[in-house]
Number of protein chains: 2
Amino acid sequence: MPTKTFFNLSDAKRERLIDVATKEFSEKSLNEASINAIIKSASISRGSFYQYFENKEDLYFYIVKTIKSDSEELFKQELKKADGDIFVGFRNYFPHLLINMMEEPNANFYKQLFLHMDYRATKEVAPEELSSHEEGSIETKKSVFSFVNRTQLQVDSVQELNKLMRLITSIMMHEIIEGFARDYSQEKIKANFYQKLNWLEFGAKK
Amino acid sequence: MPTKTFFNLSDAKRERLIDVATKEFSEKSLNEASINAIIKSASISRGSFYQYFENKEDLYFYIVKTIKSDSEELFKQELKKADGDIFVGFRNYFPHLLINMMEEPNANFYKQLFLHMDYRATKEVAPEELSSHEEGSIETKKSVFSFVNRTQLQVDSVQELNKLMRLITSIMMHEIIEGFARDYSQEKIKANFYQKLNWLEFGAKK
DNA sequence: TATTATATATGACACCTTGTCACAATGCAA
DNA sequence: TTGCATTGTGACAAGGTGTCATATATAATA
């Protein structure tokens, strides 16, 4: 996380820095992007940068966190509308996610992110509740899981439900990555995702 | 790909270089690994390195290709044994894959690979036939697909079958990555994978 | 207001990369 | 031996990162 000093900065300076960095990360991958380029564009001295951030990653994942809209909340809403049916919930949630990720202003940032994402980045992008995955402490906090109608699912516990939802999430992400890589239209990505969701929901076997 | 010059090298020199590089890539990620370290350990001059390889990636993916056992062939065999049932095929194939990836001598190399893998690397590791994915030219070559019993599946075409198998492959990889990240035992990884395979096969909905 | 304390800014520096290139040293064939 | 093709070499330019002693604001206190 950025330091207190960073958050003490004037809005103008802070936003300028973030804007410049976001632009850099939208054009280059995390590895290719350079602190030099950022501080030069933002007219900030090298020393200052390191007073705000531990390193490039620190800045990067702060931006990821910022950009990522509160998707979990949105999903909960769709889940409620769907009376706790996660398949319907995911289907209706997916278009929102696509828009957030594949349309301006975030499209290029996400493209770079997804095409160069490693395991760590995956966790940063995934909904927090699902990725945390502490097997014991799930039931305590009132969470997405409480909105799910489990009776209609082949799951025996919240842990299994968690696994199932994480599976769907990862399939979802996978489709978006594939979409970025192959320049698929949103429609095509949706079709691909829905097909996989159908297999998972009803079985791929006759 | 490495140059002709590289393959002209004496076995001793070539193997020494590959050994040293493999060790480096088993301890550090592709990004962290340094050509300097490799050429120093292998007692090779900087100029020579660039006469063998275009860059670090060139060497890296050559090693990946080498290390990766011909998994496709193994899978075909399991598929035949299973009378074309891909679910049985994948179930029986998975333990082989786990051993190849999670036991000596490849374990650390794969761990680094998987924990820092991006989209490109994903494609390098995935079975070639599945990753190529040229929608037209699939049926021509006699391939895995010809061993699959499609009648029992909810797929309408070879393209759909390809998608389904790519889905399973990606779930499989995902489980292995998760396993590396969380230091799961092979047994736990298997259990996780089989559960997901069951959902996919028979449906996650009651 | 003058002085002290705290927070912020700075850029030279050491140390690391990578890829290139002019040149040296081989090996092999005529 | 001469000549050509192949292989080997390390200094070099250009770029990267993180640190640190020092300078400059800004706030707080006497």
Side-chain angles (χ1 to χ4, degrees), chain A residues 1-64 112-113 116 118 120-121, chain B residues 1-64 112-113 116 118 120-121:
Chain A
M1 273 299 278
T3 63
K4 187 177 138 250
T5 309
F6 172 71
F7 293 108
N8 286 343
L9 255 36
S10 73
D11 289 5
K13 189 167 187 177
R14 208 176 52 249
E15 282 164 15
R16 175 163 43 93
L17 179 48
I18 293 299
D19 279 359
V20 162
T22 304
K23 196 166 284 174
E24 174 80 359
F25 291 132
S26 298
E27 283 160 9
K28 310 205 172 159
S29 73
L30 175 54
N31 285 303
E32 293 158 348
S34 105
I35 297 179
N36 277 345
I38 294 171
I39 61 181
K40 198 179 142 205
S41 285
S43 304
I44 278 174
S45 80
R46 184 153 206 78
S48 287
F49 181 91
Y50 283 96
Q51 220 138 17
Y52 307 151
F53 308 100
E54 209 175 308
N55 49 36
K56 207 167 44 169
E57 281 75 18
D58 194 19
L59 166 56
Y60 187 72
F61 289 111
Y62 170 69
I63 295 181
V64 170
Q112 290 297 334
L113 170 56
H116 299 95
D118 66 358
R120 175 178 172 198
Chain B
M1 272 301 276
T3 61
K4 188 175 137 252
T5 308
F6 172 72
F7 292 107
N8 286 343
L9 254 37
S10 74
D11 289 4
K13 189 168 187 176
R14 207 177 52 248
E15 281 164 17
R16 176 162 43 93
L17 179 47
I18 292 299
D19 279 359
V20 162
T22 304
K23 196 166 286 174
E24 173 80 0
F25 292 132
S26 297
E27 283 161 8
K28 311 205 172 160
S29 74
L30 175 54
N31 284 304
E32 292 159 349
S34 105
I35 297 180
N36 278 345
I38 293 172
I39 61 181
K40 197 180 142 203
S41 286
S43 305
I44 278 172
S45 80
R46 183 153 207 80
S48 287
F49 181 91
Y50 284 97
Q51 220 138 16
Y52 308 150
F53 308 101
E54 210 175 308
N55 49 37
K56 206 166 47 170
E57 280 75 19
D58 194 17
L59 165 57
Y60 188 72
F61 288 110
Y62 170 68
I63 295 180
V64 170
Q112 289 297 335
L113 169 56
H116 300 96
D118 67 357
R120 177 182 170 193

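Here is how names work: the chains are called A, B, and so on, in the same order as the sequence lines, proteins then strands, and each is numbered from 1. Every heavy atom of this structure was used, including side-chain atoms; hydrogens, water molecules and symmetry mates were not.
When side chains are defined from C-beta on, A:Phe25 does not count as touching A:Val64, because their heavy atoms never get closer than 4.5 Å. Within the 4.5 Å cutoff, the side chain of B:Leu30 has heavy atoms near those of the B:Lys56 side chain. At least one side-chain heavy atom of A:Leu113 sits less than 4.5 Å from a side-chain heavy atom of A:Tyr60.
Partner of A:Phe6 under the ring-ring contact (aromatic ring centres under 6.0 Å, His included) criterion, out of A:Phe49, A:Phe53, A:Tyr50: A:Phe53 alone.
As a whole-Å value, the separation of A:Ile39 CD1 from D:dT17 P is 8 Å. The distance between atom CZ of A:Phe7 and atom C1' of C:dT8, rounded to the nearest whole Å, is 16 Å. Atom CG of B:Asp58 and atom P of C:dG19 are 11 Å apart (whole Å). B:Asn31 has its CG atom 13 Å from the C1' atom of D:dG16, to the nearest Å. To the nearest angstrom, P of D:dT7 lies 13 Å from CZ of B:Phe53. Rounded to a whole Å, the NZ atom of B:Lys13 is 12 Å from the P atom of C:dT26.
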Annotated protein contacts, base or backbone, on nucleotides 18-26 of chain D with a non-hydrogen cut-off under 4.0 Å, one of B, S, - each: BBB------
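With sequence neighbours left out, B:Asn55 forms a side chain to side chain contact (heavy atoms under 4.5 Å, CB included) with B:Glu57, B:Asp58. The side chain to side chain contact (heavy atoms under 4.5 Å, CB included) search around B:Lys28 returns B:Glu24, B:Glu32, B:Ala33, not counting sequence neighbours. Every residue two or more places apart in sequence or in another chain that forms a side chain to side chain contact (heavy atoms under 4.5 Å, CB included) with A:Thr22 is listed here: A:Ile18, A:Ser26, A:Ile63, A:Ile67, A:Phe109.
Of the candidates C:dT17, C:dG11, D:dG8, the closest approach to any side-chain atom of B:Ser34 belongs to C:dT17. Of the listed nucleotides (D:dG8, C:dT8, D:dG16), D:dG8 has the atom at the smallest distance from the side chain of B:Gln51.
In this structure, A:Ser48 does not reach the C:dT8 phosphate: none of its side-chain N or O atoms is under 4.0 Å from OP1 or OP2.
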N/O donor to acceptor pairs below 3.5 angstrom from side-chain atoms of residues 38-45 of chain B, sequence neighbours left out:
| from | atom 1 | to | atom 2 | distance (Å) |
| --- | --- | --- | --- | --- |
| B:Ser41 | OG | B:Ala37 | O | 3.3 |
| B:Ser45 | OG | B:Ser48 | N | 3.2 |
| B:Ser45 | OG | B:Ser48 | OG | 3.2 |

Interface polar pairs with nucleotides 4-6 of chain C, N/O, under 3.5 angstrom:
none

